[in-house]
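To start, the structure itself, in structure tokens.
In what follows, chains carry the letters A, B, and so on, assigned in the order in which the sequence lines appear, proteins first and then strands, with residues in each chain numbered from 1.
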Amino acid sequence: MRNRLKFGLIWLDAVWCTLFTLIIAGLFYLLFVNITFLDPFEKAFEDFSFTDLYYSKLKSKEGISPNIVLVNVEHEDRFAIAQAIAIISRENPKAIGLDLLFKDLKIPFTDSILKAEINKHHNLVTAYYHTDSATVRNHSFFKSENKNSGYINFDQEESNVIRDFEGVDKEGNLAFAVQLAKVSGFVGNAKKLSMLEGRIPINYTGNNQQFLTVTISELIDQQEFSAAKEAVVIFGYLGTPTGNINDIEDKHFTPLNPKFAGRSVPDMYGVVIHANILKMFMNKNFITKTPKSVVWILAVLFCYFSCLISLKLEQKSEFLFDLLKKLLVFIVAVLFLYMALLLIKSNIHLDVSVILILTLLGVEMVEFYIYLMRYLKSNGIWKHTVIH
Amino acid sequence: METYRNTLIVVFIALSIHWVSAQETLCVFKTSPNIFRSSSPAKALGKGALIQTADVVTLKTGDMLSLIDKNGSLYKIETSGKYTYKQLTDHKVEEDKSSLTSKYFKYLWEEMTHASGSETIIGGVFRGENLMKFPIDSALVVSSKIKFTWETDSAFDTYYFFLRNVETQELLKLETNGSELGLFKGNPILDQGTLFEWYVDTEAFPNLDNKTFSSFTLIDRATYESKKEPFRPFINDLKATGLSEQEIELILCEAYGLCK
């Protein structure tokens, strides 16, 4: 009976210890948020995600996508761009996307040729972007008769790393890559489009080396590009020359950055991010993001179990607990990260950082919980504990 | 009977069309210039070109061809020869088969033991330190004797010549007091492989990892002649200006890296 009571009490102690840990975690969080000299740490953590390790270091190379062609516009003029569009369109691609903006008029002759080329193709998608106060589009001279356009915003809520995108905005406008997917037939009906509202994680497959790329000058030299047949072709900037690591115009931070923590240089051109999103639609390879509520439930549960195991160890032998605490923390961290990586490999995104922090904090807080319980017990304030 | 015969013809044609349209193809992902295929002998292969099952592709020494199939698998060919479609598909680049688990724990171990070492960071760029003159970087050389020449610095009497076989990583180091050096084809280091890189320094023991080597490829006469073909109009223009054969060959070498 005594043992059963003791057994029951330790489970209860673990509950109180979990509560204690949550209170301490909350206090730490308030410290981070409200004390300005800790802002740099907060900002550093904003850009960090454990799952970036998967994309940056551990993901196996996927096959090169023959159904997406990227045309590097470099610094070619509008006449060359129009010529390139004409060459590509002769191959009957599924869709042509222009990740380019023609905000002003230049030479009337070349502008007219470009306008004619843009209007000739019903499967051509143009780009625009939203700012806080306005929407920036091509000059009205280039307004396409077809209404296929998409916004190219990659605004992130908390970080500079582009991990997700908004497929359909509140007004029902489509993102550039989603519009391309729709025009090329990879997104069917309105019901499927409505499922793209809100933030959608990007399932990156690779940088520009994973796509078939060609420059405008190569296209004009060859006067043909058979690989564009039935492919989706996106015109955009890929550096001068293509893939130049020192050229950061329209380059952004993504989880594929070789340096996934700390200072680094942007690693992926905007057009390649669109290509990665499009590839998700082509292969129907979406990531399911675990809801925040599930993450918190798991965090509390794991915190509880870490408190329970630590209390049982401490009860068995204080020396054993002190000896094994660090090892336990290390093993828990390694295993949690491994679990997160396995899940992301199966296209399930679980934000393990909260779960990991609470679990490890639980192990550390056990000692302070014990001091607190001893104090409360010795003063007769609280008796329902196995701590003595 | 007539209807039956016509039906059979229609079915046969439909099946043939389906078979033709479903034929496998390989798409050119990356290519050296002047690689040709049998179906289009006058036009060099370019990026995005499709290779059909009936095509035969010819690669010369120093050429490189990367292809992808509809599944995204990569095929890479770097050896000279004639390749049928089937032979091209035998050069599939093997994917990394190691599991996430092994990669993860290997990564953890390397991080814990700092196996990758710390990054070298320098606050400068490399300019003008290359003494090498001939053969120029990325030259294609056909000759039984290769003459290396470099610029001299009045402050130094002795120069150190480094020649590395890229394939075997064998390194030849020589000390000399001149501005040129000749090596014959029979030299052991030149006997194996075709791709080499060379460098000249005024220091006896420079850190070769920080130095920019010039590369060159040894080719045979037939390859030289075929690589010269695209320059035929330019060569004719030079001949018309009165330049000799040797002078034209020197221009091709100095300007385009095609050396004899």
Would you indicate whether [X], at its atom [atom1], is surrounded by more than 12 heavy atoms from other residues, nucleotides or ligands within a distance under 6.0 Å?
X        : atom1 : result
A/Leu323 : CG    : yes
A/Lys284 : NZ    : yes
B/Lys228 : NZ    : yes
A/Lys61  : NZ    : no

Less than 4.5 Å to any heavy atom of chain B: does that hold for the side chain of [X], its backbone, both, or neither?
X        : result
A/Leu53  : side chain
A/Gln209 : backbone
A/Gln222 : both
A/Lys229 : neither

Which residue out of [options] racks up the most heavy-atom pairs below 4.5 Å with chain B?
options                              : result
A/Ala231, A/Ser226, A/Ala228         : A/Ser226
A/Glu218, A/Glu62, A/Gln210, A/Lys59 : A/Glu218
A/Val214, A/Thr213, A/Asp221         : A/Thr213
A/Val69, A/Leu337, A/Leu219          : A/Leu337

Contact origin within [X] toward chain A - heavy atom pairs under 4.5 Å:
X       : value
B/Lys30 : neither
B/Leu74 : side chain
B/Ser98 : backbone
B/Val93 : neither

Quiz prompt | OG-CG distance between B/Ser99 and A/Leu342, expressed to the nearest 0.5 angstrom | solution = 9.5 Å

Quiz item: For the atom pair CD1 (A/Ile64) and SG (B/Cys27), what is the distance rounded to the nearest 0.5 Å?
Solution: 9.5 Å

Quiz item: Is there a donor-acceptor pair closer than 3.5 Å between any side-chain N or O of B/Tyr104 and the backbone N or O of A/Val334?
Solution: yes

Self-check item: Expected output: side-chain B/Lys70 to main-chain A/Pro66 donor-acceptor under 3.5 Å
Solution: no

Practice problem: Could you please spell out the steps behind the side-chain contact (heavy atoms from CB on, under 4.5 Å) verdict for A/Lys57 and B/Glu110? | Solution: CA-CA 12 Å; A/Lys57 303 282 181 201; B/Glu110 282 171 2; over 6 Å; no

Self-check item: Minimum heavy-atom distance between A/Lys345 and B/Leu100, given as atom pair plus value
Solution: CD-CD2, 3.8 Å

Exercise. Measure up the B/Phe105 and A/Tyr338 rings against each other and bin them: parallel (under 30°), tilted (30 to 60°), perpendicular (over 60°).
Key: tilted

Quiz item: With no hydrogens and no angle check, do the side chains of B/Lys103 and A/Ser60 hold a donor and an acceptor under 3.5 Å apart?
Solution: yes

